[in-house]
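To start, the structure under review is shown below, and the notes come after it.
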2 protein chains.
Amino acid sequence: MNIGDVAARTGLPTKTIRYYEDIGLITPLRGENGYRRFREADMHKLGFVGRARALGFSIEECRDLLALYEDEDRASADVRQIAMGHLDEIERKIAALSDMRDTLKGLVHACAGDHRPNCPILKELSDGA
Amino acid sequence: MNIGDVAARTGLPTKTIRYYEDIGLITPLRGENGYRRFREADMHKLGFVGRARALGFSIEECRDLLALYEDEDRASADVRQIAMGHLDEIERKIAALSDMRDTLKGLVHACAGDHRPNCPILKELSDGA
DNA sequence: CCTTGACCTTCCAGTGACTGGAAGGCCTAG
DNA sequence: CTAGGCCTTCCAGTCACTGGAAGGTCAAGG
């Protein structure tokens, strides 16, 4: 299979697939014409990485997860630890964003949003009161 | 005032302050020795940008907000629109992260996390079921 | 046989918002 | 006169791609 077919099947852009080869996540074969030749296993790995990325795992976490996936003697505890670390990270991001949202909501609510210059949003940014 | 004092007072790293000059957010004066010389107005702007960044506004949004702040004839509606656009962005990010969190939580919960290799997290990433 | 257009290749540069580090000038205290 | 703590510029790296240029390959149609 050529890269275009793999892109269509996995939903990943060809650029991204080449990038994943660059950084050693996958190692497709090469045809005589220099084209990448993907096996089912390569496709499968790309799907795996795509789903892990969609859950917000970093590339390095994806690499670790892939390694665990391919290790028949893995301990599920190792997988779980990566997932829990990532879950913590996500919770922290959500908390930070929620704080921003609450503050912003208050400011937007307090702002008349008309033709006049008076604006509590700018006042807050200016004073930090 | 030298950059170190400004950094201490605003809480921004010196590197960041120099970067903000690079991209034209501030324009401190220069002493005969080549050192940056910051006026109160520069400090004030840096505080403004620091607070806007803490609320998650992008640098370009900060630039626009600063311009509005310095425009006595601004309409508060323009400020409000920037803030509301950013608020939307934040809500979308929170929603995306919440989805990830929910999925991950379910998977982490389903995983025994012991010495055995069987792992629903890997299974999900592998199958996308 | 030739051309067209859709593929594929590599390589380089840019994104956002910094951050780290090297190499070197300036300034004050002892 | 030296030590150290400032300051300067410039270059490179981060993360995970993304865009684009220049060029090779392949299948179909004339």
Side-chain angles (χ1 to χ4, degrees), chain A residues 1-38 42-43 45-46 48-66 85-86 89-90 92-93 96-97 100, chain B residues 1-38 42-43 45-46 48-66 82 85-86 89-90 93 96-97 100:
Chain A
M1 232 179 339
N2 283 346
I3 199 169
D5 309 311
V6 176
R9 284 226 235 158
T10 60
L12 297 171
T14 57
K15 282 276 191 189
T16 299
I17 297 171
R18 289 197 195 97
Y19 173 68
Y20 286 170
E21 184 189 10
D22 264 10
I23 62 174
L25 281 188
I26 50 164
T27 316
L29 304 173
R30 292 290 176 140
E32 294 190 357
N33 52 13
Y35 288 16
R36 288 169 184 80
R37 227 155 34 81
F38 294 82
D42 297 317
M43 274 258 309
K45 270 195 192 182
L46 286 169
F48 185 104
V49 172
R51 280 181 289 275
R53 293 285 302 129
L55 285 177
F57 287 102
S58 73
I59 290 286
E60 285 317 303
E61 285 166 337
C62 290
R63 198 189 297 278
D64 295 344
L65 288 169
L66 261 185
H86 180 47
E89 184 71 30
I90 287 179
R92 264 183 284 116
K93 278 188 190 163
L97 287 169
M100 290 180 196
Chain B
M1 233 179 338
N2 283 347
I3 199 169
D5 309 312
V6 177
R9 283 225 236 161
T10 60
L12 297 171
T14 58
K15 282 274 190 189
T16 299
I17 296 171
R18 289 196 195 97
Y19 173 69
Y20 286 171
E21 183 189 11
D22 264 9
I23 62 174
L25 281 188
I26 50 164
T27 316
L29 303 173
R30 291 288 176 142
E32 294 190 358
N33 52 10
Y35 287 17
R36 288 168 184 80
R37 225 153 37 80
F38 294 83
D42 297 317
M43 274 259 309
K45 270 195 191 183
L46 286 170
F48 184 104
V49 172
R51 280 181 289 275
R53 293 285 302 127
L55 285 177
F57 286 103
S58 73
I59 290 285
E60 285 317 304
E61 285 166 336
C62 289
R63 200 191 295 279
D64 295 344
L65 288 170
L66 260 185
I82 293 175
H86 180 47
E89 184 71 30
I90 287 178
K93 278 187 191 165
L97 287 169
M100 291 181 194

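In the text below, chain A, chain B and the rest are named by the order of the sequence lines, each starting its count at 1.
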Spacing between [X] atom [atom1] and [N] atom [atom2], to the nearest angstrom:
X	N	atom1	atom2	value
A:F38	C:dC7	CZ	C1'	14 Å
A:I17	D:dC17	CD1	C1'	13 Å
B:L55	C:dA17	CG	P	15 Å
A:R37	C:dC7	CZ	C1'	17 Å
A:Y20	D:dC15	OH	P	14 Å
B:E60	C:dG16	CD	C1'	10 Å
A:E32	D:dT25	CD	P	12 Å
B:D5	D:dG5	CG	P	16 Å

On DNA chain D, nearest-nucleotide positions of B:T14 versus A:N33: which is more 5'? B:T14

B:N2 (side chain) donor-acceptor with B:G4 (main chain) under 3.5 angstrom: no

Is there a donor-acceptor contact under 3.5 Å from the side chain of A:R51 to the main chain of A:L55? no

Which part of the nucleic acid, if any, lies within contact of [X], taking any heavy atom under 4.0 Å across all strands shown: a base, the sugar-phosphate backbone alone, or nothing?
X	value
A:S58	sugar-phosphate
A:F57	nothing
A:I3	sugar-phosphate
B:R53	sugar-phosphate

DNA chain C: A:R30 or B:Y35, which has the more 5' nearest nucleotide? A:R30

Taking only side-chain N and O atoms of A:R36, does any of them lie within less than 4.0 angstrom of OP1 or OP2 on C:dT10? yes

Quick check on C:dT19: is either OP1 or OP2 less than 4.0 Å from any side-chain nitrogen or oxygen of B:T16? yes

Of the candidates D:dG20, D:dT18, C:dT19, the side chain of A:P13 sits closest to D:dT18

Starting the side chain at C-beta, find the nucleotide from D:dG19, C:dG20, D:dT25 nearest to A:K15. D:dG19

Side-chain contact test, heavy atoms from C-beta onward, threshold under 4.5 Å: evaluate it for A:L65 versus A:V49 and give yes or no. no

Determine, for B:E21 against B:R30, whether the closest basic-nitrogen to carboxylate-oxygen distance falls under 4.0 angstrom. yes

For A:M100 and B:I90, work out which heavy atoms get closest and say how close. CB-CD1, 3.8 Å

